[in-house]
Amino acid sequence: MNWYAIRAIYNFEMARTRRTLMQSIFAPVISTSLYFVVFGAAIGGRIQQVDGVSYGAFIVPGLIMLSLLTNSISNASFGIYFPKFTGTIYELLSAPVSMIEVVIGYVGAAASKSLILGAIILATAGLFVPLEIAHPFIMLFFLILTAVSFSLFGFIIGVWADNFEKLQLIPLLIVTPLVFLGGSFYSASMLSPFWQTVTMFNPVLYLISGFRWSFYELADVSVGVSLAVIVLFLAACMAVVWWIFKTGYHIKN
Amino acid sequence: MQTIVSIRNLSKTYAGGFQALKNVSLDIRRGEIIALLGPNGAGKTTLISTICGIVNPSEGQVLVDGKDIIKDFRATRSLIGLVPQELTTEAFESVFATVSFSRGLFGKAPNPAYIEKILRDLSLWDKRDNRIRTLSGGMKRRLLIAKALSHEPSILFLDEPTAGVDVELRKDMWKVVSALRESGVTIILTTHYIEEAEAIADRIGVMTKGELILVEDKAALMHKLGKKQLILDLKHPLETLPAMLSEHDLLLSSDGLHLTYTYDTQGERTGITTLLDDLRREGIGFRDLKTTQSSLEEIFVKLVEESR
């Protein structure tokens, strides 16, 4: 294993974050704070508690997941897309690194950034609502598993994209709607039976449900199913990444 | 001399069906500078990219220091540094950081003292903290060389290192390349500039349409294919060439004051003595004489034209 290469890629990506602190960290924190102000204080004040949890506190896990998913995808996709765009990928391809090391470097950095962001948002949420975390280790486990899985997904998007529009296409048109409709701001039990059934086809619901369970022991589906879904998603992403490396799809030639 | 890169029957056909390399075989000797000449689309960059691992070969095999570039890619790529044709660099990284990144990527432990040496050698030390986007084109080119040398490679590929570079900088670059060779690095460069190959290469390979049509020692190539010319400045102008001189390969200038005699350096006899005797017999005197040899450029153009 070429550990120096992994460290070089990881440090390079983290340095990029430090250079763009406003965009990488502050902007998501500000937008999340705005969600708390609008949904938590302004609108939330008029909403009754959800299963015994104040609405402001109820949306905290959903908001963290929203940021975690979108930032994991954008960090990882941009990380691998940019060398393709500028042509500096030649260096990666001519270096004595296996693609596993490349993935560990890029995905590790993207997931790290998302986890730092998630922690900051959690702390920010603590300023607006009283927080309680029933199962902190499971919460952390969900956080890490989600950050890694969606960073891998972002890596795939970055490899697939051959222009900036494609880079934004899936995050904006698929992931964001799935997160908003996956119970970030409501419980599935608040929907009509028909929409409850439809919502069950949204994979993000399982992530948010499991994550919320680790906070308040409230869940739309059992925590075991949530874990199974995210592990399945992780396995699917790993399979696609393996195929990309085997074929050199959109990287070589 | 020992072979460090061995290319055997290498072919590359891209997905669209374009065959960029056709059955190329070449042995590159340790410590030499070999220049690959060829027009655009000849396959030079594809050949380099394949050896470096950027492009997958369709057929054939490449051994670097006796190891297969696919099976033993870690070992072979560790030995190779690549300076690409395009100025492809990060924009916002600092000079020192990007060279250090390259060293790490190639599996070497950090060594700030070595990075400092490279940057000093390439006159970039003063710019070590500058962002790359603030560098001039020439500095970026040197930076790419610094990145390629960061992991102490024994083979360096330079893909058109002086493309778009002014004459002064080009000569500076030649000095850098010569110094690298002195340190034992094997250098493979592609170029459009014949004078570049003529100035620094030990051997010349000529590529066209994906084929390596010739590989020869530079001196031997020029000797073998080069024509020499003897130019005589006459004392008095001639209107026509006397019949007695028609057996010589002579050309009379339009003003009648210069005679150009073309001869083959490979021939047993140059025919110069006979020509001078004949001139004396005809009473044609000359003030001065000089010889010229055909340049590599003329040889190259001739070779490429012949292959069409």
Side-chain angles (χ1 to χ4, degrees), chain A residues 1-24 75 78-106 108-109 159 162 164 243-253, chain B residues 12-16 18 20 45-46 48-58 69 72-94 97-111 131-133 144 147-148 150-151 153 157 159:
Chain A
M1 192 69 98
N2 186 346
W3 293 107
Y4 287 120
I6 294 172
R7 193 171 81 169
I9 296 169
Y10 185 89
N11 288 344
F12 175 86
E13 282 298 297
M14 296 309 278
R16 191 163 62 82
T17 305
R18 283 194 293 276
R19 284 200 302 269
T20 55
L21 271 183
M22 286 296 285
Q23 179 197 334
S24 303
N75 286 334
F78 198 78
I80 189 66
Y81 175 74
F82 208 63
K84 279 174 42 182
F85 177 70
T86 59
T88 54
I89 197 158
Y90 84 87
E91 202 172 20
L92 211 56
L93 296 175
S94 61
V97 290
S98 71
M99 284 302 174
I100 292 171
E101 290 147 2
V102 172
V103 168
I104 294 173
Y106 279 108
V159 169
D162 49 19
F164 278 99
W243 174 80
I244 286 170
F245 295 156
K246 193 167 180 288
T247 58
Y249 172 79
H250 274 210
I251 292 183
K252 283 199 171 191
N253 301 342
Chain B
K12 173 65 190 176
T13 305
Y14 285 104
F18 174 69
T45 299
T46 301
I48 284 184
S49 300
T50 308
I51 299 168
C52 293
I54 297 168
V55 171
N56 291 329
S58 305
I69 57 160
D72 291 315
F73 74 95
R74 284 186 198 275
T76 60
R77 292 184 196 176
S78 299
L79 296 173
I80 294 174
L82 169 65
V83 181
Q85 190 174 332
E86 304 291 334
L87 291 175
T88 45
T89 56
E90 273 291 320
F92 302 104
E93 279 273 283
S94 76
T98 196
V99 179
S100 301
F101 167 76
S102 298
R103 184 176 171 87
L105 201 58
F106 278 76
K108 290 271 185 169
N111 186 345
R131 285 189 173 190
I132 298 168
R133 67 175 179 163
L144 288 175
K147 281 167 75 71
S150 65
H151 62 283
F157 285 91
D159 197 359

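Given the structure is predicted, the values throughout are model-derived calculations rather than measurements. Proteins come first, then strands; the chains are lettered A, B, ... in the order of their sequence lines, and each starts at number 1.
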Where do A/Ala5 and B/Leu105 come nearest, in terms of heavy atoms and distance?
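Shortest heavy-atom separation between A/Ala5 and B/Leu105 comes out as CB-O, 3.5 Å.
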
Minimum-distance pair of heavy atoms, taken over all atoms of A/Ala95 and B/Arg77
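For A/Ala95 and B/Arg77, the tightest heavy-atom pair comes out as O-NH1, 3.0 Å.
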
Considering only heavy atoms, which portion of [X] lies under 4.5 Å from any heavy atom of chain A: side chain, backbone, both, or neither?
| X | answer |
| --- | --- |
| B/Ser102 | both |
| B/Ala15 | neither |
| B/Ile69 | neither |

So with a 6.0 Å cut-off around CH2 of A/Trp243, is the heavy-atom count from everything else above 12?
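Yes, CH2 of A/Trp243 has more than 12 neighbouring heavy atoms, counting only those of other groups under 6.0 Å.
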
Rounded distance [0.5 Å steps], OG in A/Ser98 versus CZ in B/Phe73
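Interatomic distance, A/Ser98 OG to B/Phe73 CZ, rounded to 0.5 Å: 5.5 Å.
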
Supply the atom-to-atom distance B/Phe92 CZ to A/Arg16 CZ, rounded to the nearest 0.5 angstrom.
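Reported value, rounded in 0.5 Å steps: 11.0 Å.
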
Measuring only between side-chain heavy atoms, which start at C-beta, is [X] closer than 4.5 Å to [Y]?
| X | Y | answer |
| --- | --- | --- |
| B/Glu86 | A/Tyr90 | no |
| A/Arg19 | B/Arg131 | yes |
| A/Tyr4 | B/Arg103 | no |

Non-hydrogen atoms of chain B under 4.5 Å away: do they reach the side chain of A/Leu92, the backbone, both or neither?
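It is both, since atoms from each part get that close.
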
CA sep, side-chain torsions, deciding dist, call: B/Arg74, A/Glu101, salt bridge (Lys or Arg N to Asp or Glu O under 4.0 Å)
CA-CA 12 Å; B/Arg74 284 186 198 275; A/Glu101 290 147 2; 2.7 Å; yes

